[in-house]
There are 2 protein chains.
Amino acid sequence: MDDSVDASIVAEVARDPRATLAHLSERVGLGVSAVQARLRRLESSGVITGYRAILDPEAVGKPLSAFIEITPLDPSQPDNAPELLEHLPEIEACHSIAGDASYILFVRVATPRDLEALIRDVRLAASVSTRTTVVLQTFYENRPIALASS
Amino acid sequence: MDDSVDASIVAEVARDPRATLAHLSERVGLGVSAVQARLRRLESSGVITGYRAILDPEAVGKPLSAFIEITPLDPSQPDNAPELLEHLPEIEACHSIAGDASYILFVRVATPRDLEALIRDVRLAASVSTRTTVVLQTFYENRPIALASS
DNA sequence: CCTGAAAACCATGCATG
DNA sequence: CATGCATGGTTTTCAGG
C-alpha cells in the first residue's frame, strides 16, 4: 500500500467489497481505470487477500461459538497442530499464542453436542489437551481493520 | 434461509461476495432475476449481514494481534463494557464468555506500545481488569462458515 | 415466486498523454 | 501511471405467467 489513495481504496473496499469501480473512483478522485489497476495490484500484491460475506451465525444454523485453547500432549514431538486441524470446517481461526496454551481456535457449531464432538475430534486429530471457553453472546465481530492512514 | 437454493447462494456469496448474479444464476439453476430477488431477501432479512474485504494485517500496518479478557472491577455495578469499548477501533470483536473473565476482545495494533496503550484505554473506559494473550502467529482466520445444507 | 427482455450501468482493454 | 473511449457483460426494473 504505497500512498493515501491506496489507503482510501483499501478502507472503502474493506467496508464494501461490492462497491463499483465508479463509486471508488469518485471517492478517491481518480479515473475508473486507474482505480481498477490499483485494486488489482492491491489484490495481487497480497494487501487484499480475499472477500467474504458476513453471515448471521444463528440464521445459518451455527448459533454456538467457542474458543478452544490447545496444548500438545507430548511437547517433545514436532508440533503441526494447525495443519492437522485444518480439515475441520467448524474451525474459523487458528492462532499460536503466548501463554499457557500453545494455540487457540475459534469455532462455530450448531449445538452443545456438536461442540463436544468437535472437541473430541480436535483432541484426537492433533494429540492435544483442550480447554474450551463457550461464547455466551457476541456483541460485535468482523469489524473492519482501522487503517493507519485513511 | 428457506431452502437449498438459498443455502447455495449463501455458501457461494460467503466465499465470493463479488460473484456476478449471472455466475450465481448458473450455479443454482435459476434465472438472474430470481437470484437477485433471493439475494436481496437474504440481505434484508439479516441472513447476510454485510460484506468485507480480508486484508493482510501486516500489509496494512497492524501486525500485532491479541486477546484481551476483561473482568469488571465492581461486579455489583451494571456492566455495559461492550458499549463503553465500542468506540475503540482497534477492537475487532467483543464476546461475553463463560469462564473466569466476563468478556473477551480480539484486537489488532501496530506495535507493543500500541497494545499497552490500548489495554490502558480498555481499563479506563470500562473500569475492568484485563488479562492479555498475545498472538504469536495466525495460521488461518476468517474461514467461511461451513453451512449445514450446502 | 419465476421468467424474459429493455435500458441503464459497469468492467475491461487499449490507445494515448 | 493516469485518461477516455469502445465494447461486452452485468444489474435493474418491469410486464407477464
Side-chain angles (χ1 to χ4, degrees), chain A residues 1-62 142 144-150, chain B residues 1-62 142 144-150:
Chain A
M1 200 168 42
D2 294 348
D3 56 20
S4 72
V5 175
D6 278 2
S8 296
I9 293 173
V10 168
E12 187 63 16
V13 168
R15 265 191 350 109
D16 179 14
R18 311 210 313 167
T20 64
L21 293 177
H23 176 249
L24 295 174
S25 173
E26 80 175 29
R27 201 173 184 291
V28 306
L30 280 186
V32 166
S33 299
V35 172
Q36 185 185 41
R38 281 168 176 265
L39 189 56
R40 281 217 247 261
R41 200 175 51 71
L42 289 165
E43 289 169 348
S44 60
S45 71
V47 175
I48 297 169
T49 61
Y51 300 94
R52 291 281 181 275
I54 310 298
L55 308 180
D56 176 2
E58 302 189 12
V60 299
K62 305 271 177 170
N142 293 120
I145 295 180
L147 295 187
S149 46
S150 76
Chain B
M1 202 169 41
D2 294 346
D3 57 19
S4 71
V5 174
D6 278 1
S8 296
I9 292 173
V10 167
E12 187 63 17
V13 167
R15 266 195 344 113
D16 178 13
R18 311 212 310 168
T20 64
L21 294 176
H23 176 248
L24 295 174
S25 171
E26 79 174 31
R27 201 174 184 289
V28 305
L30 280 186
V32 165
S33 300
V35 171
Q36 185 187 42
R38 280 168 177 265
L39 190 55
R40 280 215 249 260
R41 200 174 50 72
L42 289 165
E43 289 169 349
S44 61
S45 71
V47 176
I48 297 170
T49 60
Y51 300 93
R52 292 281 181 275
I54 310 299
L55 308 180
D56 176 3
E58 302 189 11
V60 299
K62 305 271 177 170
N142 292 123
I145 295 180
L147 294 187
S149 46
S150 76

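The chains referred to below are lettered A, B, ... by the order of the sequence lines, with proteins before strands, and numbering in each begins at 1. Quick note: numbers below take in every heavy atom, side chains included, and nothing from hydrogens, waters or symmetry partners. Since the model is a prediction, treat every value here as computed from it, not as a measurement.
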Taking N or O atoms only and anything under 3.5 Å, show me the protein contacts with nucleotides 4-10 of chain D, one pair per line.
from, atom 1, to, atom 2, distance (Å)
D:dG4, O6, A:Ser33, OG, 2.7

Measuring from B:Arg27:CZ to B:Ile9:CD1, what's the distance to the nearest 0.5 Å?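 The CZ atom of B:Arg27 sits 10.5 Å away from the CD1 atom of B:Ile9.
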In whole angstroms, how far is the [atom2] atom of [N] from the [atom1] atom of [X]?
| X | N | atom1 | atom2 | result |
| --- | --- | --- | --- | --- |
| A:Leu39 | D:dC1 | CG | P | 15 Å |
| A:Arg18 | C:dC9 | CZ | P | 18 Å |
| B:Arg38 | C:dC2 | CZ | C1' | 9 Å |
| A:Glu26 | C:dA11 | CD | P | 12 Å |
| A:Leu24 | C:dA11 | CG | P | 8 Å |
| B:Gln36 | D:dT13 | CD | P | 7 Å |

Is the shortest side-chain N to carboxylate O distance from B:Arg40 to B:Glu43 below 4.0 Å? no
Determine, for B:Asp3 against B:Arg38, whether the closest basic-nitrogen to carboxylate-oxygen distance falls under 4.0 angstrom.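 A salt bridge is present here (some side-chain N lies under 4.0 Å from a carboxylate O).
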Is there a side-chain contact between A:Asp56 and B:Thr49 (heavy atoms, below 4.5 Å)?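 In short, these two side chains touch, coming nearer than 4.5 Å.
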Over all strands shown, is B:Arg40 touching base, sugar-phosphate only, or nothing at heavy-atom distances under 4.0 angstrom? sugar-phosphate
The single option from A:Leu39, A:Val5, A:Ile145, A:Leu42 that satisfies side chain to side chain contact (heavy atoms under 4.5 Å, CB included) with A:Val10 is A:Leu42
A:Arg52 side chain to B:Asn142 main-chain N or O, any donor-acceptor pair under 3.5 Å?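 Between the backbone of B:Asn142 and the side chain of A:Arg52 there is a qualifying donor-acceptor contact (under 3.5 Å).
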